[in-house]
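Below: the structure, in structure tokens.
We name chains A, B, ... by the order of the sequence lines, and we start the count at 1 in each one.
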Protein chains: 2
Amino acid sequence: MAKTKLKVIKIGGNIIDNPEKLAQFLDNLANLNSPFVLIHGGGKVATEMSKSMGIESQMIQGRRVTDEATLKIVTMVYAGWINKNIVAKLQANGVNAMGLCGPDGQIVLSKKRNPEPINYGFVGDIIEVNGEKLKVLIENGFTPIIAPITSDSEGLLLNTNADTMAQAIAIGLSPYFDVELAYCFEKPGVLMDANDDNSVILNIDSTYFQELKEKGIVSDGMIPKLENALKAIAEGVEVVKIMHADNLLNPSIGTEIRK
Amino acid sequence: MAKTKLKVIKIGGNIIDNPEKLAQFLDNLANLNSPFVLIHGGGKVATEMSKSMGIESQMIQGRRVTDEATLKIVTMVYAGWINKNIVAKLQANGVNAMGLCGPDGQIVLSKKRNPEPINYGFVGDIIEVNGEKLKVLIENGFTPIIAPITSDSEGLLLNTNADTMAQAIAIGLSPYFDVELAYCFEKPGVLMDANDDNSVILNIDSTYFQELKEKGIVSDGMIPKLENALKAIAEGVEVVKIMHADNLLNPSIGTEIRK
């Protein structure tokens, strides 16, 4: 029997930070006519909140360190303020949204990252996704809206990368659904020329990714995104799309990653 | 057919503010051997957070006004930090907890309180509890842990009284379960003499409540708590207990309110 189609959609900070863009995106989600799961990042709110409380962000090699004060702030902002606002707005748009993070139903279990060689603090690496529990929620008509906060087996909350969280959840749901993972961001796809939005690469597989990487066509933030995409494909996800958030209802625009 | 027993438990700020007491309480919850729903208040964290951000609490007739900045803080603290910490700790204790607030699955719908005669700001009065959706979660093995934040039909988040929220949820679940509502606080029950913890009044009904109120034996915060209890009883809840949080596993100690 063919599995039901399910979209696992990840949105980043650039949408969260822009109230009009976010409202439009949530409106589009309500018109998607397909079951979905949304994973959202954090945006600037957490940074602004830290500043107003006089907490300085510590950075190691360009990555933020999650100390205790920062963990508290990201949990409050991601799983509290942003998550519940998205859920309330989706409910007002007729979507039966339910805001969750890792510990809720223990849908995502993680482990504090080894402090060696670099101590990133309270950062969680995912060790298990409970796709069965998410499936039960989806089959009962709930639409999970997931913040990138997880917890370990001792109940310690941990900050978790949202792109990786989306990948792991898409994989965890693939035994039950025909999953499409969509990374929505501020560009129309993976670009051949970073300065030309009309240079979208339509299809990428693992061989082509190696080539693009060696030629330096993809770099920086796009490399881990594509690695997440290829891992998802290798572990059961049907297709991954990298696309502009504005194009949610025009799925033909963007980059497709398949086996 | 007899309905399944379900406890709806409300804990207040005094437990939330005390890490050892909270840990003990969560441990007791894991040993309850009965399905339950937990509603938690906020405690001092929100006040401390406001202070550290330089936001002053505005009070009218002893009640806090929820302005926009305060709404953001209570949503972050109650639905984010406190809720997710409780959920993660309960999961570590073997309880399949799921952290929710009003907009999640639209389990509680509210309406912004009329600004006349007193404008309390972003405060929500409950207009509907969706007991059916909560029932689906409970029947699928999830234990709802609920923060007192709700939303209106437009998706506006609102601060909501946790005692009233517990009462409304207990009533909303009573068509499906044999509900016991337990208000856990820092006293062993309703006291005949406020200074004597051994003067617990074991049983109260609506007639006796009027008498206690007229004689001034119950006053201040206990009056709305008892009004909530009596409303719950009048609308389908089997029994309400007002008890010390430490006595969760000794349910014989405390005040019982029945019809």
* Side-chain heavy atoms of A/Asp104 within contact of B/Phe142, under 4.5 Å -> no
* Less than 4.0 Å between a side-chain N and a carboxylate O, is that true for B/Asp125 and B/Arg113? -> yes
* Structure fact -> Bottom line for B/Val45: the part with an atom under 4.5 Å from chain A's heavy atoms is side chain
* **chain A neighbours within residues 91-98 of chain B, where any heavy atom lies under 4.5 Å away** => B/Gln91, B/Ala92, B/Asn96, B/Ala97, B/Met98
* Asked: Under 3.5 Å, is there a donor-acceptor pair between the side chain of B/Lys10 and the main chain of B/Asp163?
  -> no
* To do: Look up atom CZ in A/Phe36 and atom CG in A/Leu29, then write down how far apart they are to the nearest 0.5 Å.
  => 4.0 Å
* Against chain A, label B/Glu154 side chain, backbone, both or neither, depending on which of its atoms sit under 4.5 Å from a heavy atom there. => backbone
* Looking at B/Ala79, B/Ser52, B/Gly80, B/Ala88, which one has more heavy-atom pairs under 4.5 Å with chain A than the rest? -> B/Ala88
* If we ignore angles and hydrogens, is there a donor and acceptor under 3.5 Å between the side chains of A/Thr160 and A/Ser110? -> no
* Asked: Using 4.0 Å as the upper bound for N to carboxylate O, is an ion pair formed by A/Lys72 and A/Glu68?
  -> no
* With the side chain counted from C-beta on, respond yes when B/Leu32 and B/Leu249 share a heavy-atom pair under 4.5 Å apart, and no when they do not. => yes
* Does B/Lys112 come within less than 4.0 Å of B/Asp152, counting only side-chain N to carboxylate O? -> no
* Below 4.5 Å from any heavy atom of chain A, which atoms of B/Ser151 appear? Answer side chain, backbone, both or neither. => side chain
* **A/Asn85 side-chain N/O to A/Trp81 backbone N/O, donor-acceptor pair under 3.5 Å** => yes
* **Contact residues of residues 128-139 of chain B (partner chain A; heavy-atom separation under 4.5 angstrom)** => B/Lys133, B/Val136, B/Leu137
* Which answer fits B/Ser153, side chain, backbone, both or neither, if we ask what part of it has an atom under 4.5 Å from a heavy atom of chain A? -> backbone
* Asked: Between B/Lys21 and B/Asp246, does at least one N-O distance fall below 4.0 Å, as a salt bridge requires?
  -> yes
* Asked: With distance as the sole test, does B/Lys89 use its side chain to make a donor-acceptor pair with the main-chain N or O of A/Gly155 at under 3.5 Å?
  -> yes
* Under a 4.5 Å heavy-atom cutoff, which of A/Val77, A/Leu157, A/Leu156, A/Val87 has the most pairs with chain B? -> A/Leu157
* Is there a side-chain contact between A/Asp178 and A/Leu6 (heavy atoms, below 4.5 Å)? -> no
